[in-house]
Amino acid sequence: MNHHEEHHHDRQIDAALGLLSRVKPDAGLERRLRARLAEQSRRTGRPRLLRLQRFGLGLAATAAAFAIVTGSVRHSHELTLPPPPVRLGSAEAGVGTASAARIPAQAIPAPARKHGRWERKHFRGRAELKTPPRRSPGVEPALPVEQP
Amino acid sequence: MSAFEGQAGGWLYAASAASVDTDEIIASLAAEYSTALYRVAYSVTRNAAEAEDAVQETFLRVLRHQAKLGEIRDARVWLVRITWNIVLDRKRRSKSRPETDDLTYVARTLAADAPGADQELVHSEAHARILRLVDELPRKEREALLLTAVEELSTAQVAAVLRTTESSVRSRIFRARKQLSALLNREGISR
């Protein structure tokens, strides 16, 4: 390839590349571009506003939860304690917790009979229980006969 | 209005105001660079509709990444790089040259406007064939040659787009023209 051919090819290449540098877009490219950008901006603008609203709501909910917890803690600190319960045996008296006398809340009435329902008696070294004789309802116990 | 509502209103106002400013910036970028970006896209796609779509996609990406606008030093290089990546990615996906090549149509349109239209029209097909030979060049040489064809870009800006040095761009262009000349010689394309 001689110098003349090289020069000729360079001119051809420049002319072909010049074609690319002179290409023009169809009329109204900028207007179409603006319209598409505006449409896209509208689409993305709404979610952005929604995200801000959601963020605000979340912030308000967090603030409300914090206020509830703080108020609850403060309220619990302000409560008056009830009077202490009845003191049982103290450690110095030698009475432990397990063996301490249990004082019922109400007085227990004494049984009508002097003994319990069952009577424990010892017989030949063995304990046996004797229950009072059963009588049919309405049968009175025999009365002692009076001596004239 | 409670204090919270007032604060929230302030935030919303600031967000909307920022949005308006960004929209204006993007619109001004579109007005200034859309033609150059169209040429960059067209040099790869050789199709008017695809080139315009690439330009629109470029500004949609700018809109999506508008937070980076403040960090951009050279808007032209930044935008060209976005367009360049878009068209190369689309071309890679299509794996082949577009079937609807508008180059001959463009060549005829441009030739009809120029003085000596008849003579130019005869050679428009030859120009289209040369540009098809450009596609056969190695990737680095082809990219450097196509980007330098866009008059709006200096060698330094082409180097910035391709993430290389100016000297590397010059040597790539030199090699590209040499290889293209050899291809022309082989094809026997002449005026």
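In the text below, chain A, chain B and the rest are named by the order of the sequence lines, each starting its count at 1.
Between His127(B) and Gln12(A), the closest heavy-atom pair is CD2-O, 4.4 Å. The two residues Ser21(A) and Ala149(B) make their nearest non-hydrogen contact at CB-O, 3.0 Å. For Ile26(B) against Leu37(A), the heavy-atom pair with the smallest separation is CG2-CD1, 3.6 Å.
With a 4.5 Å cut-off on non-hydrogen atoms, Val62(B) does not touch chain A at all. Contact of Leu60(B) with chain A is made through backbone and side chain together, with heavy-atom distances under 4.5 Å. Contacts between Phe59(B) and chain A at a heavy-atom distance below 4.5 Å involve backbone atoms as well as side-chain atoms.
Remark: Asp14(A) engages Arg177(B) in a salt bridge, criterion side-chain N to carboxylate O under 4.0 Å. With respect to Asp10(A) and Lys178(B), no salt bridge is recorded, no charged nitrogen being found less than 4.0 Å from a carboxylate O.
Taking OH of Tyr42(B) as the reference point, atom CG of Leu19(A) lies at 7.5 Å (rounded to 0.5 Å). Summarising the geometry, atom NE2 belonging to His7(A) is positioned 12.0 Å from atom OG belonging to Ser181(B); distances are rounded to the nearest 0.5 Å. Taking CG of Asp26(A) as the reference point, atom CD of Glu52(B) lies at 6.0 Å (rounded to 0.5 Å). Expressed to the nearest 0.5 Å, how far CD of Gln56(B) lies from CZ of Arg34(A) amounts to 13.5 Å. Here the CG atom belonging to Leu33(A) is positioned 10.5 Å from the CG atom belonging to Leu29(B), to the nearest 0.5 angstrom. Taken to the nearest 0.5 Å, the CD1 atom of Ile130(B) stands 8.5 Å off from the CG atom of Leu17(A).
Cluster annotation: Phe174(B) is not connected to Leu147(B) through the hydrophobic network of ILVMFWY side chains, with a link wherever side-chain heavy atoms come within less than 4.5 Å.
At least one side-chain heavy atom of Leu20(A) sits under 4.5 Å from a side-chain heavy atom of Ser43(B). With a 4.5 Å cut-off on side-chain heavy atoms, Thr35(B) and Leu29(A) do not count as touching.
The environment of Glu152(B) atom CD is dense: over 12 non-hydrogen atoms of other residues, nucleotides or ligands sit within 6.0 angstrom.
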- Determine, step by step, whether Arg39(B) and Lys24(A) satisfy the side-chain contact (heavy atoms from CB on, under 4.5 Å) criterion, reporting the C-alpha distance in whole Å, the side-chain angles of both residues, the deciding distance to 0.1 Å, and the verdict. CA-CA 7 Å; Arg39(B) 284 173 180 158; Lys24(A) 288 179 184 173; 4.0 Å; yes
